[in-house]
Every structure is written in C-alpha cells, then in structure tokens.
J.: 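Before anything else, here's the structure in question.
The shown structure was predicted, so the numbers you read here are calculated from the model rather than taken from an experiment. Side-chain atoms are counted along with the backbone in the values below, which use heavy atoms only and exclude waters and symmetry mates. All chains are named by letter (A, B, ...) in the order of the sequence lines, taking the proteins before the strands, and each is independently numbered beginning at 1.
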Protein chains: 2
Amino acid sequence: MAKQPDSPDADETPRVADILAGDRRALARAITLIESTRPDHRAAAETLLEELLPHAGGAVRIGISGAPGVGKSTFIEAFGLHLIEAGHTIAVLAVDPSSALSGGSILGDKTRMELLAKRPESFIRPSPAGQAAGGVARRTREAMLACEAAGFDIVLVETVGVGQSEAAVADMVDLFLLLIQPGGGDDLQGIKRGIMELAELVVVTKADGVLEAPARHTKADYEAALSLLRATSPHWKPRVLACSALNGDGIAEVWEAIVAHKAALTDVLADKRGAQARAWMWHELQDELMASLRADGRVAKQAAKLEEAVSDGKISPSAAAQKLLGVFLARD
Amino acid sequence: MAKQPDSPDADETPRVADILAGDRRALARAITLIESTRPDHRAAAETLLEELLPHAGGAVRIGISGAPGVGKSTFIEAFGLHLIEAGHTIAVLAVDPSSALSGGSILGDKTRMELLAKRPESFIRPSPAGQAAGGVARRTREAMLACEAAGFDIVLVETVGVGQSEAAVADMVDLFLLLIQPGGGDDLQGIKRGIMELAELVVVTKADGVLEAPARHTKADYEAALSLLRATSPHWKPRVLACSALNGDGIAEVWEAIVAHKAALTDVLADKRGAQARAWMWHELQDELMASLRADGRVAKQAAKLEEAVSDGKISPSAAAQKLLGVFLARD
C-alpha cells in the first residue's frame, strides 16, 4: 500500500496513552496502522483497537453524503466551525471507493476545509487509497472508534454519494445526512437510487442569493417525496432542511435536528449500536469468507468455467454454486 | 417439510417430456420436487433442472409487489385474463417469506383469482411454506424456469411488498412492477422503503368510481417522486400508470408498458439475464457458505459469545470475525 502524504509510518505503533490523551499525531499513526493491509500491521492494529474500544462510543456519529458539486466541503467546514464555536471537537473521516481507482482522495485536496483543518478542535483524515470499497468502509469504522477514544465528541463520516459505500456508512453511524443542491432531481444530481432511502436528514445546500427560492422549492419536493417513503425507524421521521454555508443560515438548525434525533433515540441508541456492531461482525465474516473462497485457486478455476455455463443457461446457478461449495469445502 | 394441499408427492419424479409438453400435473410435480428440502429430492431436482434449462428462458418475467389490501389478486386476475384473451399463457408464482412464519400462503386462499385459476392457459402456484426467505426466492427462481420449459410465455412472480424478498425477485425478473393504491404515502400503505426504488413500473390500482380522482393524484405524486430518483438503467425510465381491475380501464396499458420495456431492453436482455444468473450463483454460494458456517457447532458456540462481546464493545467486530473465520476454516 502506498504511503500517504503526511501520514506517519505504520511501523511506529502509537502509544495508547497518547491517543487517549488526544495526541493528534498518535491518532494519525493509529489510523495509518488500522488502514494498513500488511498482516503484521493488521495484528498490531487489532491489539491496539482492543485497548481503545473501552474508551470509544462517546461521539455523535454522523454519516454525510452528497454528489460532487453539492458543496460538501463548504458545508462540512461551516458546520464544523459552528460546532467548534459551540464547544465541540470534531473528527472528519472519508470513505471514497472511487479514490481506490483513481488513487486520489476526496479529502486529499489540501485546500479543502482550510479553516476547519487549522483548528486544534478538529481532525481531518483523507480516505485511504488503494483498497476496495468494503475494505475502506471497514477500516473507516475502526478509525471512527480511534477518534472517539481520542476524545472527539462528533465524528463525521463522509462519502461521495455515488457508490456502494453509503449503506456501509449508514450501518456505522447514528444518523445519515444527505446533502442535495437546489433544483433538479437526484437524477440530475447524480445521486444513486437507494441513497435517499438511507437519509434521516436531508439538507438542501446553497440556500442563499438567487438560489434561495429554488432551494425552498427543492426542500418542498423532497419533503413530499420523503412522505411517500416509509420511515425505517418508529422513533424518527426523516426531515428536510435548507441552509447556506455562505451566510450561515440554517447551519445551527442542522445541528438542532441532529440533537433532536439523538434525543429521540436515547432509549434505543445502545441497542442500535449493538445491533450495528453484530451486523458488522457477520458482514465482515461473510466478506472474509468469500475472500478466502475467491482466493482459492481451485475455486477460481472452476468459477470462471461455471460463470460462463451459467450465463449460457447450460447449468443452473444453484447447481453451479453447489459445485463451487464442494470444491472449496473439500480442502485437504 | 409439510406436504402442500393438492401438491403431488415429490417422490414421483416427473418426466421431462411431460413437462415440455405442457402437462400441468407434471409441472406441479416438478415444482414440488424443486421446493423440497430433502437432500435426495434436491439431487433429483437439480438433475431435472439441467434437463429443463435448455428449454427455459422463453417467457417475459415480471415481478409484482404490493402491500396487502392494494388489490393484488384482483389486479393479477384481471391482468391475467386480459393476457389470455390476447393469446398468451401465464404462470403465477409467489414468494412470501411471511408464510414461512405463519404457515400460510399468499396464494393459498383458493378463492383468490378464481376465474384465472380455472383457465387452462394459466398455472397458479402458491408459495412454498416452511422455508426461510432466501430459500423461498431461490426455489421460486427455479420454479420459474420450469414454467418456461412447460411453455408459459409470461411468468408473474408475486411478493407481498413487506419483506426482504423483493430485491431477490427483482434480481430474477425482466421487469419489477409495484402496485400502490390511491391516497396516502407508502408509509400509510405499509410499503417498505427501498421497494419503490426497484420498480420499473408503478401501477395505481382501484382507479374507478370515487377513487378515480385520488388515483390520478397518487399517480402524479409518484411520478414526481420517481423523477427525484435516478434511473437504474440507461435503457428505461420508470413509469407510473393507473388502472381499474373492476372496469378494465388501464389494464391493456400495463401490458403495453411491459412490451415497451421489453423492446427497450431487446439488445441487453440476454446480458441482463446472464448477469442475473451469475449474480444468483454467487449469492447462492454465499448463502450456502454462510449456512455451512452457521451449522458448524464450534462456530455457533463461539459466535454466541462473540456477539455478546461485540455488542458490549469488548471486542471489535473485525477481531470477532477473524476469530470465527479461524474456527471455521481450521476444520480437521
């Protein structure tokens, strides 16, 4: 895995006490270790995580998504600065599977969130490069726990709203927030189907100047659309807000809605997080098991042939699956 | 597994030639065999399926979903009779995971679709009882292939719109149709979030009498909501129609839209079906592999302990997954 700019070497295992004391360099090192794909790093990361876990869980966990161009960085900066003014500390993590392809990173651009990045109350971490979507989300969840152990009381997990990582992020946070811009449907905004369904909060950005009226209109459209969707939780009905990162209008209301959501979930938050953690264990187990299967040379050889036969209707998917299962489990 | 009323014994393996000749009793026997969970039946079913496969694929495959009360049976009956008048033959299958719990069946009520059931051009099959959701959908896919081999040129796969089986059904059909009733959002209709996202066609039922105006209104609402969702296919934009099973208005238009969808997909249908079959193979393999894992006594024992530790934040989900993977793969 390519070493990241400004990321310390994963070989230096950070001290737990330093992380717990909020030492940002130690936290950065911990996350680099967590993101490493080297087996020895992985083992060290798991040991470290076991020690951090008892100190995790104290943050409000917020997932945030929106297509490129929606003003995500601008919103996060305004929102983060508002929270810092109110006495909070905030960590911003990113899940961006596309960066695994491009080698880039949604938070890699150093000019992004410049004011927020300068504040000692914030910690901004670009998404790890060079991993598949599942792997990125998995490590981001662990990075979130490390940030909590380091004392950050709000963790924002950012995605780009175009991939498969949104559901994974929704499964690791307390609240999923979707940013949209004034005018046009999701279709025009490039938001993938299914992402709106995850949103507990929809925020229309750029609600200022000439876009103020269109933003109001878009807000009403989404309120109508959301009313057609069944709420996933009996404790919370998704809300739509509008804000301007430029003049600050509505930014406080976004936080108020998050606080209201937290209050509404008070009695069930521990259960929600417990269920998320258990589901995460099974997902991870499933991913690892399928990875083991795909890494099996004999399975891979048979799978290629069987995929062709299945596509051509020469063998049923069930029969093909049975054959592959037999090959995998009949290891010697 | 409980024997189904009017279902022939799975022990009598039907003759392939009889199924191909359209013998309904042979087809019913084939499906009973396919649905059986007994290992020897399973083996016989797979052999049979291999022989039927070359003769499958000739039908238009339609998934149809809607909450209880939407008028699903009434719609399917009117729609089916319309298709028969137009010279088609139609098979109706059901996936209903809730019946696995209740022991009931969404198509089990003999008074449902009475007129359609009487026609020799139709074949109606209740959903199998006593299986888990994944299992039901899996066998339904195979039953669909058997119906195609028996010469039915339209296969309808019905679900109740409240469970996890809708995505599985969408993955086995050419077009997914969602029925909704006039007035109220999905919230009031009990449609689970995410199901609307699967729909290539939304049909408002009961568009007659006093409900005609509300139906028009609901149609407009869903058109607006769908315009906010990104289309999943570059070849087709979801449409909303309204119809009345009572007076027949709009029923022909539903079929016309399905024909238009089929035409739009002409060049890509084989690819879509090939991709569905391959995805199905991998899903089935994953399900079987996880079933093997869960059936492993040592894994089950550890999993119970680890789930608790994970919920309590005593171990990370990743570390727990690694432990379970180790237990499973270190078989002797």
J.: Is there side-chain contact between A:L329 and B:S292, with heavy atoms separated by less than 4.5 Å?
T.: yes

J.: Please identify each residue that fulfils salt bridge (charged side-chain N to carboxylate O under 4.0 Å, His left out) with A:R42, with sequence neighbours left out.
T.: A:E46, A:E142

J.: Looking at every heavy atom in both A:M281 and B:A303, which two are closest together, and how far apart are they?
T.: CE-O, 4.5 Å

J.: Identify the two heavy atoms, one from A:L285 and one from B:L325, that lie closest to each other, and give their separation to 0.1 Å.
T.: CD1-N, 3.6 Å

J.: Examine whether an atom of B:Q286 lies under 4.5 Å from a heavy atom of chain A, and if so say whether it belongs to the side chain, the backbone or both; otherwise answer neither.
T.: both

J.: Could you check B:H283, B:R141, B:M172 and say which one makes a side-chain contact (heavy atoms from CB on, under 4.5 Å) with A:P317?
T.: B:R141

J.: Side chain from CB out, backbone as N, CA, C, O: work out which of these in A:E308 comes under 4.5 Å of a heavy atom of chain B, or both, or neither.
T.: neither

J.: Can you list everything that forms a salt bridge (charged side-chain N to carboxylate O under 4.0 Å, His left out) with B:K219? Sequence neighbours excluded, please.
T.: B:E223

J.: Measure A:E288 against the heavy atoms of chain B and call it side chain, backbone, both or neither at under 4.5 Å.
T.: both

J.: Quick one: what part of B:A224 sits under 4.5 Å from any heavy atom of chain A, side chain, backbone, both or neither?
T.: neither

J.: For chain B, which residues from residues 309-316 of chain A lie under 4.5 Å away (heavy-atom distances)?
T.: A:V310, A:S311, A:G313, A:K314, A:I315, A:S316

J.: Taking every heavy-atom pair that is under 4.5 Å apart, which of B:A319, B:A320, B:A225 has the most such pairs with chain A?
T.: B:A319

J.: Mind checking which of residues 271-279 of chain A sit less than 4.5 Å from chain B, heavy atom to heavy atom?
T.: A:G274, A:A277, A:R278

J.: Taking side chain as everything from C-beta outward and backbone as N, CA, C, O, which of these in A:L145 sits under 4.5 Å from a heavy atom of chain B? Side chain, backbone, both or neither.
T.: neither

